[in-house]
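Dumping the structure here so I can ask a few things about it.
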2 protein chains.
Amino acid sequence: MLLRVGELARRTGLTVRTLHHYDDIGLLKPSTRSDAGYRLYRRQDVARLHRIQALRSLGMSLADIGTLLDQPSPPLSTVIERQMRLLEHQIVQKTQLRDRLANLHRQVVNGEEPAMDDWLKTLELMTMYDRYFSPEELDRLPLYQADNARWAEWKDLVKEAEALLQQGTSPASSEARDLAMRWMAKLERDTAGDPALLEKLNAMHANEPDAQEQLGISTRVSDFVMQAFAEYKLTFYRRYLSDAEFDLMRENYPQCMHEWPPLMARLRQLLEQGTRPEEPAAQQLAREWLALLQRFAGDDPATHQKIRQANEQEPALKDSTWMNDRMKDYLGQAVASLTAG
Amino acid sequence: MLLRVGELARRTGLTVRTLHHYDDIGLLKPSTRSDAGYRLYRRQDVARLHRIQALRSLGMSLADIGTLLDQPSPPLSTVIERQMRLLEHQIVQKTQLRDRLANLHRQVVNGEEPAMDDWLKTLELMTMYDRYFSPEELDRLPLYQADNARWAEWKDLVKEAEALLQQGTSPASSEARDLAMRWMAKLERDTAGDPALLEKLNAMHANEPDAQEQLGISTRVSDFVMQAFAEYKLTFYRRYLSDAEFDLMRENYPQCMHEWPPLMARLRQLLEQGTRPEEPAAQQLAREWLALLQRFAGDDPATHQKIRQANEQEPALKDSTWMNDRMKDYLGQAVASLTAG
DNA sequence: ATTTGACCCTCACGCGACGTGAGGCGCCAG
DNA sequence: CTGGCGCCTCACGTCGCGTGAGGGTCAAAT
């Protein structure tokens with residue numbers, strides 16, 4: 001019952017080279033050699049090889065197999081669980097990849113072979129998202145899973161904005177304000193109403209001029225929309241404020257627009273962590289929130305009161321983007337406990 | 001707008017080494033170098049890198065990306081489809097692997113950590129199956145997807161057979177015949193009634209003495225069961241035949257047992273291919289079938305008629321293993337057209 | 001003017017599981 | 001004794017980089 005390599009290879013479906021390799025790395029050494037130096041395998045070697053093949057079929061590395069087989073009492077279930085987790089992860093990865101490819105393929109087929117350029121632009125956007133968002137975040141980011149229709153909507157919005165810019169329309173005009181409202185509503189929907197996602201998205205666009213170009217969102221366009229959105233909200237504050245108050249706010253409010261998302265994100269995080277409004281972290285947030293308020297509304301408590309009133313009574317402000325009632329309540333409590341304490 | 005490697009690496013999330021590598025293999029060469037030899041990347045280089053990253057995110061190899069990007073009009077959908085097929089295949093593979101692992105894991109957990117040996121034996125069996133059956137066949141092979149209960153049933157059967165052998169029981173005894181009947185019924189179920197699978201299974205067991213030992217099915221045991229199954233069937237033929245006919249059959253029938261599966265497999269294949277019974281291939285099969293019949297029943301047509309009668313009237317023979325009515329009809333037609341022609 | 005420290009260069013080995021020769025011996029049949 | 005097959009060892013190639021080693025470059029701080 002002594003087998004030479006070729007014979008063993010034939011019977012196990014491996015190649016001779018593979019058996020040589022196993023010999024080299026010490027995974028399976030033939031128990032004898034012939035006078036001429038031929039490898040001679042005994043029954044026990046064959047048995048070990050069978051085990052090796054079995055464990056290999058689980059995707060285990062040769063090194064792992066070696067240590068496993070040389071241990072007297074291998075930690076079976078631990079090893080299996082590790083392998084399963086590894087596989088599970090790979091399956092998820094590849095499935096996501098395949099789905100994305102399927103999407104892109106549909107696009108290519110339906111769209112009558114768009115130019116390589118367009119197709120690659122979409123793809124480049126997705127890989128940028130990959131860099132800026134974790135896999136879990138990507139799962140929650142509707143923009144990432146967007147289909148062609150949704151991208152088309154964005155392109156239309158951008159085109160609309162470009163047209164307004166071309167005509168030299170003011171951000172304060174009703175057309176611009178209307179556009180900004182729709183823009184932000186869509187943006188809120190496409191970030192799943194999560195200010196943290198919005199913030200990352202902003203960071204991405206700030207860092208990657210190329211990303212904006214993929215969609216046609218130039219800096220000019222996004223500045224314009226931001227301005228117009230500020231104007232949109234200002235119209236609702238108008239009748240709650242005196243002329244002086246409004247002038248102050250009108251001057252400073254637009255510059256503060258980009259400061260909200262980080263604060264909202266932190267607010268939401270505190271809420272989700274279950275931090276109570278009296279705790280220091282919440283109070284710190286409240287302080288920063290008030291500081292921001294003061295930057296565009298001055299430090300008169302009466303003015304602040306008016307703004308709060310507007311926020312509560314104006315439907316457009318009440319359903320403010322990226323903020324829900326729970327967040328507002330929480331903020332209110334934090335502010336109250338701050339001023340009380 | 002000239003970027004050095006470090007800057008480009010930071011902005012793309014790659015490492016400097018990766019960019020060096022891309023340069024080495026000619027995938028992305030910086031369009032300029034500084035006097036000191038520093039790599040300097042232009043906008044167009046960055047654009048190309050974005051494309052590279054995009055295609056990489058699809059799991060494409062660097063070589064493929066290179067040829068793709070250097071072509072003037074890349075065959076987009078072909079490439080995508082190829083990638084998708086590749087991914088699909090990997091997903092299926094890994095999923096099967098994970099499922100198998102899950103099964104094995106259950107076994108380990110429920111079975112109170114069986115000895116590594118037992119566990120590995122099961123695993124070794126599965127890898128042997130992998131070698132002898134194609135993935136599609138494995139899908140159709142119930143034995144392969146067997147759970148512990150089913151394996152336990154087989155072990156019980158084997159134990160039963162071993163006990164009979166120990167006691168020196170004759171294969172012609174009623175206990176042996178009953179066991180053989182149950183054995184074959186289970187075997188038919190576990191090969192999905194497909195004689196082709198049965199044949200491969202037989203081939204595997206013939207080539208791999210180790211495989212038999214995993215289940216405890218030694219050559220002695222399988223020979224015994226085969227004998228007993230012949231005896232089982234013979235009991236039903238008994239009362240249709242004269243003493244002389246039966247003696248002849250009794251002597252030769254057992255030796256012919258292992259010749260049926262290949263014929264049945266070919267029969268089934270012809271049927272599935274839609275080959276008509278008058279065609280040469282079917283007639284050739286009919287000839288071989290008759291030749292086999294003659295080997296254990298002689299060449300008297302009257303005897304053959306009696307056997308056919310038994311096959312039709314005896315329920316135990318009628319529901320003969322691995323043969324269904326369509327196969328029998330087809331065979332009958334082939335034989336008829338052979339004798340008529 | 002020099003030193004520091006961050007950045008850049010090339011060269012080259014390493015991984016994991018073998019594939020693929022090259023060059024040379026052993027063994028058996030004709 | 002010769003041809004053919006199987007065996008041996010040695011060693012490079014694969015793929016996508018990681019990880020140093022050993023040494024220049026450049027701007028700011030001393």
Side-chain angles (χ1 to χ4, degrees), chain A residues 2-41 45 48-49 51-69 83 86-87 90 93 97 127 130-131, chain B residues 2-42 45 49 51-69 83 86-87 90 93 97 127:
Chain A
L2 286 174
L3 293 176
R4 290 183 305 181
V5 267
E7 186 66 11
L8 183 57
R10 223 177 34 69
R11 289 181 37 166
T12 54
L14 297 174
T15 68
V16 172
R17 176 63 179 109
T18 298
L19 293 173
H20 282 180
H21 182 58
Y22 290 177
D23 190 357
D24 287 346
I25 65 174
L27 181 58
L28 177 70
K29 290 202 168 291
S31 35
T32 325
R33 292 268 191 155
S34 78
D35 291 345
Y38 285 20
R39 291 171 177 81
L40 296 177
Y41 295 88
D45 300 328
R48 185 177 167 96
L49 183 54
R51 290 169 161 225
I52 292 171
Q53 282 192 280
L55 293 172
R56 269 247 54 166
S57 79
L58 301 185
M60 220 171 279
S61 75
L62 296 185
D64 286 353
I65 293 174
T67 58
L68 192 70
L69 286 184
Q83 276 294 316
L86 207 129
L87 276 173
Q90 292 177 350
Q93 292 285 86
L97 215 56
T127 48
D130 285 345
R131 289 216 311 282
Chain B
L2 287 173
L3 293 176
R4 291 184 303 182
V5 268
E7 187 66 12
L8 184 56
R10 224 178 32 71
R11 290 181 38 165
T12 54
L14 298 173
T15 68
V16 172
R17 175 64 180 108
T18 299
L19 293 173
H20 281 180
H21 183 58
Y22 290 176
D23 189 358
D24 287 346
I25 65 174
L27 181 58
L28 177 70
K29 289 202 167 293
S31 35
T32 327
R33 292 268 188 154
S34 78
D35 292 345
Y38 286 18
R39 291 172 178 80
L40 296 176
Y41 295 88
R42 280 197 233 278
D45 300 328
L49 182 53
R51 290 169 163 226
I52 292 171
Q53 282 191 281
L55 294 171
R56 269 245 54 158
S57 78
L58 301 184
M60 220 172 279
S61 75
L62 296 185
D64 286 353
I65 293 174
T67 57
L68 192 70
L69 286 183
Q83 276 293 316
L86 208 127
L87 275 173
Q90 292 177 352
Q93 292 284 88
L97 216 57
T127 48

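No hydrogens, no waters, no symmetry mates; every other heavy atom, side chains included, goes into these values. All of these numbers come straight from a predicted model, not from anything done at the bench. So you know, we letter chains A, B, ... as the sequences are listed, proteins then strands, and number each from 1.
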Point to revise | Nearest to side-chain heavy atoms of V5(B), which nucleotide of dC8(C), dC18(C), dC7(D) | key: dC8(C)
Check your understanding: Which part of the nucleic acid, if any, lies within reach of R33(B) when heavy atoms closer than 4.0 Å are counted: base, sugar-phosphate only, or nothing?
Key -> sugar-phosphate
Review point. Side chain of H20(A): nearest nucleotide among dC8(D), dC26(D), dC8(C)?
Key: dC8(D)
Anything under 3.5 Å between a protein N or O and an N or O of nucleotides 12-16 of chain C, put it in a table, one pair a line.
none

Practice item. Find out whether L19(A) and L49(A) are in side-chain contact, i.e. whether some heavy atom of one side chain is under 4.5 Å from a heavy atom of the other. Key: yes
Point to revise | Between P of dG26(C) and CZ of R39(A), the distance in whole Å | key: 16 Å
Review point. What is the distance, rounded to the nearest whole Å, between atom CG of D23(A) and atom P of dC18(C)?
Key: 14 Å
**Study point:** Side-chain N or O of T15(B) closer than 4.0 Å to phosphate OP1/OP2 of dG18(D)
**Key:** yes
Review point. dC7(C) P sits how many Å from D35(B) CG, rounded?
Key: 21 Å
Check your understanding: Which atom pair, heavy atoms only, marks the closest approach of T12(A) to L8(A)?
Key -> OG1-O, 2.8 Å
Practice item. Considering just the side-chain nitrogens and oxygens of T18(A), establish if one lies under 4.0 Å of OP1 or OP2 belonging to dA17(C). Key: no
Check your understanding: Can you tell me if the side-chain N/O atoms of Y38(B) get under 4.0 Å from OP1 or OP2 in dG24(D)?
Key -> no
Point to revise | Nearest-angstrom distance from the residue atom CG of L3(A) to P of dG6(D) | key: 15 Å
Check your understanding: Whole-Å distance between dC7(D) P and E7(A) CD?
Key -> 9 Å
Exercise for review: Using whole Å, report how far OH of Y22(A) lies from C1' of dG19(C).
Suggested key: 14 Å
Review point. Going by heavy atoms in the side chains, are Y22(B) and L62(B) under 4.5 Å from each other?
Key: yes
Practice item. Considering only NZ, NE, NH1 and NH2 on the basic side and carboxylate oxygens on the acidic side, decide whether D45(B) and R39(B) come within less than 4.0 Å. Key: no
Review point. Tell me, do R33(B) and L40(B) make a side-chain contact under 4.5 Å, heavy atoms counted?
Key: no
**Study point:** Rounded distance in Å - NE2 (H21(B)) to C1' (dT14(D))
**Key:** 11 Å
Check your understanding: If only atom types and distance count, is the side chain of R51(B) paired as donor or acceptor with the main-chain N or O of I65(B) below 3.5 Å?
Key -> no
**Study point:** Under-4.0 Å side-chain N/O to phosphate OP1/OP2 contact, R4(B) with dC7(C)
**Key:** no
Exercise for review: Would you mind reading off the distance between L14(B) atom CG and dG18(D) atom C1', rounded to a whole angstrom?
Suggested key: 14 Å
Practice item. Please tell me if the side chains of L2(B) and R42(B) come closer than 4.5 Å, counting only heavy atoms from C-beta onward. Key: yes
Study note, to complete from the structure: Looking only at dG16(D), dA17(C), dC8(D), the nucleotide nearest the R56(A) side chain is dA17(C)
